[in-house]
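Reading through the structure tokens given below for one structure.
Just so you know, ligand 1 is whichever comes first in the structure, and atom 1 is the first atom listed for that ligand.
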Amino acid sequence: MRVLAIESSCDETAAAVVVDGRVASSSIVASQVDLHAKYGGVVPEVASRQHLVKILPVIQEALATADCTLDDIDAVAGTRGPGLAGSLLVGYNAAKAIAFGRDLPFLGVNHLEGHIYANWLAEGEEPSFPALCLVVSGGHTDLVFMRGHGQYERLGGTRDDAAGEAFDKVGRLLGLPFPGGPHVAKAAEQGGPSTLELPRAWMHGTFDFSFSGLKTAVLHTTQRGGYDVPTIAFAFQEAVVDVLAGKTSRLARELGATEVLVAGGVAANTRLREELRRRCPVPVRIPAPKFCTDNAAMIGAAAGFRLALGERSPIDEDIFTTNNWAKV
Ligand code: KG4
Ligand code: ZN
């Protein structure tokens, strides 16, 4: 089954052609980073207007790169939520319009489920269940137990900032460009261990996370002075990675998970990838970096298994902006 997938939940306009939920024949991402950089964050109204400009060219490029036309497409999928309402509406309605106009099956996909299914976009055996998923994106940090396709149980998550959000806010505190995540990671490569110890919120007895105290500690460190940017970036990244890898590996052991699946933009972080692989008692899967950050191929992958089971979405279904793992 060849699926045309569309993603526009935040600030990337993306389209992809995905075969049988496993092979991305194309994955086109038009990033709006430069547009939002001067504001230091995503401006929702600017984002949705830019999606309108980009959506059709991006879909056309995805079809052309996959060497096909709409005649070759078997179904259309679009990101339904969570995300920014104005952004979601553009891609979701484009997907619906194409499905309606061509009389094709249509499916709305949860963006976070899409991030998890980026792990299916690799050669070789597909992931096995039960799997523990660590979802670390700009808006979410969740530990989710997955007993089978489409079955999610949230066992922990952040009580305040998401991991990506913490990276972005610390990037701003350190005077680094937007989005902070990759820039903090890059600065950390120039740093190393020092006398600077930043706090880890272990939230004992839970599998929850908290990153706001760490962010405040970085603020106080920059105000006091005495450490350069690479040293602070290094200490911050180590603190985040220590808690994420520590809790994920412990929960994987307790649950008897057969694999750990990592998902979301922060999964592109090299130190996190290293440390999860070092500490987890079972194989750790992490998508290729281009499939970690927002893209439509992951939406096509998640759509692949649901469509194969006969699932369809009503054409008049609305977007949603907040996630509920029990209802994915
Ligand atoms: O999943 P994603 O592309 O968008 C959301 O659904 O939120 O995640 C974006 C987040 C941003 O906070 C970004 O700074 C972070 O992922 N990120 C990183 C890295 N690359 C992207 N954080 C740390 N290290 C990276 N290499
Ligand atoms: Zn995302």
- Just which atoms of ligand 1 are under 4.0 Å from any heavy atom in G139? 7 (O)

- Under 6.0 Å between ring centres, would you say that holds for H140 and W325? no

- Hydrophobic cluster membership, V23 vs V29, 4.5 Å side-chain cutoff: no

- Message: Show me which atoms of ligand 1 lie under 4.0 Å from any heavy atom of H111.
- Response: 6 (O)

- The atoms of ligand 1 lying under 4.0 Å from a heavy atom of G164, numbered in the order shown, are 12 (O)

- Task: Calculate, to the nearest 0.5 Å, the distance between atoms CG and OG belonging to L88 and S9 respectively.
- Result: 5.5 Å

- Task: Return yes when H140 approaches ligand 1 closer than 4.0 angstrom through a heavy atom, no otherwise.
- Result: no

- Query: Hey, is D242 close enough to R271 for a salt bridge, meaning N to O under 4.0 Å?
  - Reply: no

- Message: Please list, in number order, the atoms of ligand 1 under 4.0 Å from a heavy atom of T293.
- Response: 3 (O)

- S210 pairs by side-chain hydrogen bond (donor to acceptor under 3.5 Å, both in side chains) with which of D160, T158, D161? D160

- Query: What part of H115, side chain, backbone, both or neither, has a heavy atom within less than 4.0 angstrom of ligand 1?
  - Reply: side chain

- Query: Looking at D168, which atoms of ligand 1 are within less than 4.0 Å of one of its heavy atoms?
  - Reply: 11 (C), 12 (O), 13 (C), 14 (O)

- Task: Could you pull out the atom name of the N/O/S atom in H111 that is nearest the Zn ion (ligand 2)?
- Result: NE2

- Tightest non-hydrogen contact, residues G40 and R172, listed as O-NH2, 2.9 Å

- Within the distance-only criterion (no hydrogens, no angle test), does the side chain of S26 pair as donor or acceptor with the backbone N or O of T65 below 3.5 angstrom? no

- Task: Find all atoms of ligand 1 within a distance of less than 4.0 Å from any non-hydrogen atom belonging to G138, and give their numbers and elements.
- Result: 5 (C), 7 (O), 8 (O), 9 (C), 10 (C), 12 (O)

- Query: What's the atom name of the N, O or S in D294 nearest to the Zn ion (ligand 2)?
  - Reply: OD1

- Message: Between ligand 1 and C10, can you find any atom pair, the residue atom being a heavy atom, that is separated by under 4.0 Å?
- Response: no

- Do F305 and Y117 have ring centroids that are under 6.0 Å from one another? yes

